[in-house]
Amino acid sequence: MTDLKCSGCGKKLLTYDNYGFKRYKSPLKKCKKCGKMYIDPRCHEIAIEGMPSDEFSVTSYLFLIIFGGLIVWRGVYLFKRIQIGVPDEMQWFMPAVFIIMGAVCVIGGIGEIIFIKTGGKTRKFERLRIESEERLRDNSYAELLRDLGYKF
């Protein structure tokens with residue numbers, strides 16, 4: 001986890017995970033306390049950095065579906081067990097949690113593959129790219145990004 005503090009007033013602006021997902025929107029933000037502009041490292045200009053190829057990987061979603069299926073299988077297996085180390089009235093809880101978590105993984109993976117194959121994901125990222133290009137056409141915006149250290 002990384003903390004980002006305002007270089008103007010020292011206020012803590014945000015805490016973020018370096019390995020978190022990318023947000024494709026303007027990285028330019030303003031400190032609410034002193035008004036100084038800063039770059040949000042979680043946000044990216046897709047017109048500069050390009051389309052994220054890993055977002056279109058069907059293979060990763062196939063792995064998610066397999067993983068989800070294994071979790072569902074484990075939940076069904078636990079339902080058949082007579083005693084799993086919890087009180088009798090809670091015997092259903094852990095298997096149900098496993099089945100629900102696995103089902104969410106399977107359904108989410110299938111949904112993402114359909115979104116990729118139908119072109120919906122491409123259209124989404126194309127819209128984000130167009131919005132990014134529109135922001136970058138403003139020379140003062142692009143210069144401010146550069147001045148604040150955004151890598152072009």
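Values below: all heavy atoms of this structure, side chains included; hydrogens, waters and symmetry mates excluded. Bear in mind that the values here come from a model prediction, so they are computed numbers and not experimental data.
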Taking the six-membered ring for Trp, are F98 and Y77 closer than 6.0 Å centroid to centroid? no

Verify the distance criterion only: is there a donor paired with an acceptor across the side chains of Y141 and E134 at less than 3.5 Å? no

For a quick test of reading the model, state the closest non-hydrogen atom pair linking P95 to L78 and the distance between them. CG-CB, 3.6 Å

Going from SG on C105 to CG on L64, what distance comes out if it is rounded to the nearest 0.5 angstrom? 5.0 Å

Under a single-linkage definition using a 4.5 Å side-chain heavy-atom cutoff for Ile, Leu, Val, Met, Phe, Trp and Tyr, are F79 and V97 assigned to the same hydrophobic cluster? yes

If you count the non-hydrogen atoms of other residues, nucleotides and ligands that lie under 6.0 Å from CZ in F56, is the total more than 12? yes

Would you say the side-chain atoms of Y38 pair up with the backbone N or O of L148, donor to acceptor, closer than 3.5 Å? no

If you define the side chain from C-beta out and look only at heavy atoms, does anything of I65 sit under 4.5 Å from I113? yes

Are any non-hydrogen side-chain atoms of I130 and R127 less than 4.5 angstrom apart? no

Within-4.5 Å side-chain heavy-atom neighbours: K117 and V58: yes

Give the C-alpha distance, both sets of side-chain angles, the deciding distance and a yes or no for side chain to side chain contact (heavy atoms under 4.5 Å, CB included) between V104 and M101. CA-CA 5 Å; V104 167; M101 285 176 27; 5.8 Å; no

So does K5 have more than 12 non-hydrogen atoms from other groups sitting under 6.0 Å from NZ? no

Closest contact, heavy atoms only, L136 versus A47: CD1-CB, 3.8 Å

Nearest 0.5 Å, what's the CG-CG distance between N139 and L144? 12.5 Å

Non-hydrogen atoms of E55 and F125 that approach each other most closely: CG-CZ, 3.8 Å

Between K151 and E49, is there a salt bridge with N-O shorter than 4.0 Å? no

Nearest heavy-atom contact between L4 and P41 is CD2-CD, 3.8 Å

CZ of R135 to CG of D138: how many Å apart, nearest 0.5 Å? 11.0 Å

Side-chain contact, heavy-atom cut-off 4.5 Å: S26 with E45? yes

NZ on K11 to NZ on K33, rounded to 0.5 Å: 8.0 Å

Shared ILVMFWY cluster between L62 and I114, side chains joined below 4.5 angstrom? yes

Nearest atoms (heavy-atom pairs only) where K36 meets C6: CB-SG, 4.2 Å

Are the side chain of S57 and the backbone N or O of D54 linked by a donor-acceptor pair below 3.5 Å? no

May I ask you to test the E126-M51 pair for a side-chain heavy-atom distance under 4.5 Å? yes

Would you say I100 ends up clustered with I71 if hydrophobic residues are merged whenever their side chains have heavy atoms under 4.5 Å apart, either directly or through other cluster members? no

Take atom OH in Y16; do more than 12 heavy atoms of anything else shown fall under 6.0 Å from it? yes

Same hydrophobic cluster for I116 and Y24, using side-chain heavy-atom links shorter than 4.5 Å among ILVMFWY? no

For a 4.5 angstrom cut-off between non-hydrogen side-chain atoms, does H44 reach Y150? yes

Rounded to the nearest 0.5 angstrom, the CG-CD1 distance for L13 and I39 is 12.0 Å

From CD1 (I46) to NZ (K22), nearest 0.5 Å: 9.5 Å

Indicate yes or no for a side-chain donor-acceptor contact from K121 to the backbone of T118 under 3.5 Å, with no hydrogens or angles considered. no

Connected via hydrophobic side-chain network under 4.5 Å: L28 and I48: yes

Quick one, K25 with L128, criterion side chain to side chain contact (heavy atoms under 4.5 Å, CB included). Give me CA distance, side-chain angles, the key distance, then yes/no. CA-CA 7 Å; K25 58 184 183 179; L128 292 171; over 6 Å; no

Taking all atoms of both residues into account, what is the closest heavy-atom pair of L145 and P27, and its distance? CD2-CG, 3.7 Å

